[in-house]
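Presented below is the structure to which this report refers.
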Amino acid sequence: MDASPILAPLNPAQCAAVSAPLGNLLVLAGAGSGKTRVLVHRIAWLIQMEQVAPWSILAVTFTNKAAREMRERIERMLGQPVGGMWVGTFHGLAHRLLRAHWQEARLPKAFQILDSDDQLRLIKRTLRDLNLDEARWPPRKAQSFINAQKDEGHRAQHLDDGDNPYQRKQIEIYRVYQETCERAGQLDFAELLLRAHELLRDRADLLGHYQARFHHLLVDEFQDTNAIQYAWLRLLAGDRENLFVVGDDDQAIYGWRGARVENLQSLQRDRPNTRLLRLEQNYRSTGNILGAANALIACNPSRLGKTLWTQDGAGEPIRIYQALNELDEAHFVVERIRRFVAEGRRHAEAAILYRTTAQSRLFEEALMQVRIPYRVYGGLRFFERAEIKDALAYLRLLANPDDDASFERAVSIPPRGIGVRTLETLREQARTQGCSLWQAMDALLCGSLPTRTARPLAVFAELFRQLRTDCKELDLATVVAQVIKTSGLVEHYEKSKDGKGVDRQENLTELVNTSHRFSDEAPDEEPSDLDTFLAHATLEAGEAQGNAPDDPVQLMTLHSAKGLEFPLVFIAGVEEGLFPHQMSVDNPQRLEEERRLCYVGMTRAMQQLYLTHADTRRLYGSESYPRPSRFLREIPAERVEDVRARSRATRPVYRPRAAVAAVEIEGGLRLGQRVLHPTFGEGVILDQEGQGAEARVQVKFAGVSAKWLVIGYTNLQPIS
DNA sequence: ATGATGATATTTTTT
DNA sequence: ATATCATCAT
């Protein structure tokens with residue numbers, strides 16, 4: 001077999017990794033050094049040069065999207081489908097194992113997956129059951145405690161409270177929550193991993209089977225693995241030397257959700273004969289961008305050490321813009337994107353990155369004003385929308401009547417005369433009998449109930465009885481359509497007056513389409529039943545934006561930018577308190593992670609990089625005066641060019657343009673008008689923009705900088 | 001049972 | 001500022 005198609009497009013270091021002899025290999029791959037490419041080519045190498053069967057390969061990625069892309073790239077390269085190869089996320093693979101071995105894992109056949117939202121709901125209910133005050137025991141704290149423990153591989157019964165009452169209570173919540181999950185046959189995300197680990201750990205026969213099957217384990221983004229994922233990998237590898245691991249300690253940005261960069265070192269310690277290779281040549285960015293990023297990341301004391309270089313020239317300097325305020329910042333970014341496009345580039349080549357999701361709005365508004373198409377990544381995804389979760393609750397309850405979380409959701413939406421009172425009775429019954437809500441309802445319906453309570457309950461029960469008989473015969477999509485129709489959800493949203501009714505109905509229709517597509521695309525080996533469809537919905541929550549416009553500017557958080565690249569990149573809000581975020585500044589480890597996040601953001605840029613910060617910023621309703629981020633000082637001055645803010649000189653404040661001064665804006669307000677504000681006191685209107693509900697005026701008050709106020713939300717009294 | 005009002009807490013996110 | 005959520009009144 002000729003190796004050239006696989007090795008030809010690679011540099012020497014990449015070649016060395018791809019064609020390395022079989023054995024453990026750790027590839028430390030810097031940003032833009034062709035990390036994924038090495039992984040893809042390695043798999044192609046194994047199949048073509050080492051005559052490895054595709055079904056004996058297991059590859060793990062960080063996201064479903066990455067998994068899909070990897071499979072596609074391999075198939076394109078080999079010119080043939082590679083069925084039998086397992087490619088997926090840790091969660092996806094764990095799920096696959098558990099579905100295949102539900103009996104050995106002691107799970108109900110129709111076990112369901114709980115997303116974080118469902119998990120939080122369940123924790124809240126657990127807290128209520130335990131008579132704990134939510135103010136003293138915040139559900140979110142309990143949630144992160146439970147997930148943190150599970151990520152470390154700890155079960156409640158193995159935890160030591162260390163004579164700490166707080167700790168003891170958290171463990172108790174964990175225990176009771178877990179019992180509830182098991183009774184309802186529900187697994188949260190971390191539980192998938194934990195169960196998959198225990199399955200292989202406790203069942204020597206299964207472990208032997210999978211060890212015999214998977215001769216080659218490949219892992220992408222290894223720096224993002226947590227303790228249980230690493231443990232699972234080691235188990236599956238056994239004492240063989242078959243781990244091919246790719247990662248970059250400088251791009252570890254998920255420590256806050258249990259990822260352990262140390263796994264990189266642990267691997268070298270646990271498997272001393274692991275070969276270490278570095279990919280340090282960067283093919284993405286200009287010399288200035290790389291030099292700046294290198295200097296920044298060098299400020300982190302704890303790194304494995306690695307310096308990226310490029311053959312490219314220095315390119316343009318990095319530009320830092322000091323904006324007057326957050327609006328000026330947005331306008332500046334938009335203006336530069338217009339210039340970029342005027343030079344013949346596409347909008348989609350530009351990305352605006354920010355630390356917090358809340359920052360996207362400013363840019364969306366600014367882009368909308370000048371009619372530039374954009375696309376926001378992240379945010380609420382298809383299967384996370386309320387109406388979709390409602391419909392899914394019906395489907396889940398159909399699949400598994402003991403799913404209490406879904407019962408509670410379905411029973412109260414749409415409102416059908418079953419209120420908190422009735423629900424409380426059901427919960428009480430369920431608690432005393434130790435059964436599910438559905439069983440409690442059945443029992444109560446047989447007993448004596450006041451008609452007013454029994455009637456709606458009976459109707460609800462009958463609805464499901466009918467659905468259950470119906471759906472035995474029907475295919476997935478028809479069942480979904482049937483459920484949506486009989487649940488009354490469409491009518492319910494029709495009546496909603498928040499203006500989202502039509503959207504919601506469309507989404508429900510789209511759910512039917514999705515289920516249709518799911519059936520069509522399902523591989524023959526796995527029948528597409530309701531259970532797998534529901535798992536798919538939770539595990540792969542879908543894209544956030546259904547129909548993106550053509551050639552859009554890309555908006556996303558720094559976190560979701562990882563793995564992507566753009567010719568033109570803006571990082572906005574590079575200010576102390578925002579980036580690095582306030583929550584991280586007094587913890588050295590978290591601060592290092594923020595710096596890595598900045599490094600990730602900077603290394604997304606191929607040709608031009610802008611960092612912007614504002615002198616004043618309105619955040620959470622009040623004005624702040626942030627200092628420029630320390631990260632800006634860590635970039636060598638010779639790589640930077642300061643962009644001058646437009647007309648820094650303060651204009652004569654009390655003299656608005658005479659021609660428009662007479663035009664009334666709204667409610668007796670006009671440019672130059674003196675006004676009274678409830679908190680800021682007396683001021684003068686300087687400028688105006690927008691119309692109707694969005695009409696805003698800029699007002700200068702004594703002692704503070706000029707502010708933009710939405711007329712509709714502000715009580716401005718004209719004074720003479 | 002349901003809708004309206006007021007207190008509260010606001011990183012990052014995939015699975 | 002705003003969205004979410006719990007409590008309260010209808």
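Just so we're on the same page: letters track the sequence lines, and every chain starts at 1.
To the nearest angstrom, P of C:dA1 lies 14 Å from CD of A:Glu365. At whole-Å resolution of the value, CG in A:Leu120 and C1' in B:dT15 are 16 Å apart. For the pair A:Leu194 CG and B:dT15 C1', the computed distance is 15 Å after rounding to whole Å. Protein atom CZ of A:Phe90 is 12 Å distant from nucleotide atom C1' of B:dT15, rounded to whole Å. Across the protein-nucleic acid pair, A:Arg96 atom CZ and B:dT15 atom P stand 17 Å apart, rounded to whole Å.
Between the side chain of A:Ser622 and the backbone N or O of A:Arg618 there is no donor-acceptor pair closer than 3.5 Å.
Annotation: ring-ring contact (aromatic ring centres under 6.0 Å, His included) contacts of A:His91 (sequence neighbours excluded): A:Phe189.
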For this session: Take nucleotides 5-14 of chain B nucleotide by nucleotide from the 5' end and write B, S or -, depending on whether a protein heavy atom sits under 4.0 Å from the base, only from the sugar-phosphate, or from neither.
Result: -----BBBBB
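Look at the P atom in both B:dT12 and C:dC5: the space between them is 16 Å, to the nearest Å.
Using cut-offs of 30° and 60° on the angle between ring planes, the pair A:Trp232 and A:Phe90 is perpendicular. The aromatic rings of A:Phe383 and A:His536 sit perpendicular to each other, their planes meeting at more than 60°, with 30° as the lower class boundary.
Taking the six-membered ring where the residue is Trp, the centroids of A:His154 and A:Tyr174 are separated by 6.0 Å or more.
Within a 6.0 Å sphere centred on CZ of A:Arg128, heavy atoms belonging to other residues, nucleotides or ligands number more than 12.
Side-chain atoms of A:Gln178 and A:Lys150 form a donor-acceptor pair, as typed in the model, at a separation below 3.5 Å.
Salt-bridge check for A:Arg361 with A:Glu364: failed, with every basic side-chain N at 4.0 Å or more from each acidic carboxylate O.
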Tabulated below should be each protein N or O lying under 3.5 Å from an N or O of nucleotides 6-10 of chain C; please produce it.
none

